[in-house]
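For the numbers below, each heavy atom of this structure counts, side chains included, while hydrogens, waters and symmetry mates do not.
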Amino acid sequence: MRTLENLMNRLSDMDSSWWPFLHLRPATDQLIDNSLLLKISIYNGPVYGGILSFILVLPEIQDLSLLDVAANAIFYTALFPVLFFVTYKYTFALFWNRRARCLQDQVQE
């Protein structure tokens, strides 16, 4: 479990993991609470949703109407912030917060 935590935190510490929203990354001893996670999800979710929508529609683009393409894009762009929030909360944020609590405890001692 410790190895997984170290790997996840190493990935979270990379600037490229936060780009282009590097300003949202908290200090390593600061918790990622639901309000920060909501901001992260609102910024990142539509980006990933739009990319996935494009990837899924591309093979069938000639068979779909413009309305179908737009509906698909709207669906994934709206869905992904929710999926991003839930996924991130129980993966990266979980391990980030474990480390942040340990760092906070070290400062208090």
Side-chain angles (χ1 to χ4, degrees):
M1 183 68 152
R2 191 73 168 148
T3 305
L4 179 60
E5 181 176 352
N6 290 337
L7 172 66
M8 297 292 268
N9 283 329
R10 230 178 296 126
L11 290 171
S12 294
D13 289 339
M14 295 169 48
D15 287 351
S16 60
S17 297
W18 291 87
W19 187 87
F21 310 116
L22 191 57
H23 66 281
L24 293 174
R25 182 174 60 188
T28 54
D29 63 343
Q30 183 182 5
L31 296 175
I32 296 178
D33 61 5
N34 284 338
S35 65
L36 177 58
L37 188 52
L38 183 60
K39 277 187 215 173
I40 294 168
S41 300
I42 288 171
Y43 279 75
N44 285 296
V47 173
Y48 291 112
I51 291 169
L52 181 66
S53 172
F54 180 74
I55 290 169
L56 292 175
V57 165
L58 193 58
E60 302 171 13
I61 196 94
Q62 294 176 347
D63 300 332
L64 298 174
S65 70
L66 184 58
L67 185 60
D68 290 335
V69 172
N72 190 17
I74 290 169
F75 173 75
Y76 284 107
T77 302
L79 176 67
F80 256 69
V82 175
L83 293 176
F84 194 94
F85 183 92
V86 172
T87 303
Y88 203 91
K89 181 172 182 71
Y90 295 106
T91 55
F92 289 99
L94 177 81
F95 292 116
W96 182 284
N97 289 341
R98 283 174 52 129
R99 177 180 62 181
R101 285 187 190 95
C102 285
L103 292 172
Q104 289 171 355
D105 290 345
Q106 288 175 358
V107 170
Q108 291 176 357
E109 291 177 356

Parallel, tilted or perpendicular, judged at 30° and 60°: which one describes the rings of Tyr48 and Phe84? parallel
May I ask you to decide whether Arg25 forms a salt bridge with Asp15, counting only side-chain N to carboxylate O separations under 4.0 Å? yes
Flag, side chain of Trp96 to backbone of Pro26, donor-acceptor distance under 3.5 Å: no
Starting from Phe75, can I reach Phe85 by hopping between I/L/V/M/F/W/Y residues whose side chains sit under 4.5 Å apart? yes
Are any of the side-chain nitrogens in Asp33 or Lys89 under 4.0 Å away from the carboxylate oxygens of its partner? no
Can you name the closest pair of heavy atoms from Thr87 and Thr91 and give their distance? O-OG1, 2.6 Å
Applying a strict under-4.5 Å side-chain criterion to I, L, V, M, F, W and Y, I'd like to know whether Leu31 and Leu37 cluster together. no
Is the backbone of Asp29 close enough, under 3.5 Å, to the side chain of Gln104 for a donor and an acceptor to pair up by distance? yes
pair Pro81-Pro46: side-chain heavy atoms closer than 4.5 Å: yes
Spacing of CG belonging to Asn34 relative to OG belonging to Ser41, to within rounding of 0.5 Å: 9.5 Å
Electrostatic pair Glu5-Arg98, nearest N-O below 4.0 angstrom: yes
Check whether any side-chain heavy atom of Tyr43 sits under 4.5 Å from a side-chain heavy atom of His23, and report yes or no. yes
Heavy-atom neighbours of Leu58 CG exceed 12 at 6.0 Å: yes
Run the side-chain contact (heavy atoms from CB on, under 4.5 Å) check on Ile51 and Ile55 step by step: do they pass? CA-CA 6 Å; Ile51 291 169; Ile55 290 169; 3.8 Å; yes
Does Lys39 have any side chain to side chain contact (heavy atoms under 4.5 Å, CB included) partners at least two apart in sequence or in another chain, and if so, which? Leu24
Is there a path of hydrophobic side-chain contacts, each under 4.5 Å between heavy atoms of I, L, V, M, F, W or Y residues, that connects Phe54 with Leu67? no
So do Asp105 and Gln108 actually touch side chain to side chain, heavy atoms under 4.5 Å? yes
What is the distance from atom OG of Ser12 to atom CD1 of Ile32, rounded to the nearest 0.5 Å? 6.5 Å
Are Leu83 and Leu56 linked, directly or through intermediate hydrophobic residues, by side-chain heavy-atom contacts shorter than 4.5 Å (ILVMFWY only)? yes
Could you grab the distance from atom CD1 of Ile42 to atom CG of Leu38, nearest 0.5 Å is fine? 4.0 Å
Does atom CZ of Phe21 have more than 12 heavy-atom neighbours, drawn from other residues, nucleotides or ligands, at distances under 6.0 Å? yes
According to side chain to side chain contact (heavy atoms under 4.5 Å, CB included), who are the partners of Leu11, at least two apart in sequence or on a separate chain? Leu7, Met14, Phe92
Determine which pairs satisfy side-chain hydrogen bond (donor to acceptor under 3.5 Å, both in side chains) with at least one residue from residues 68-79, sequence neighbours left out, and list them in order. Ser65-Asp68
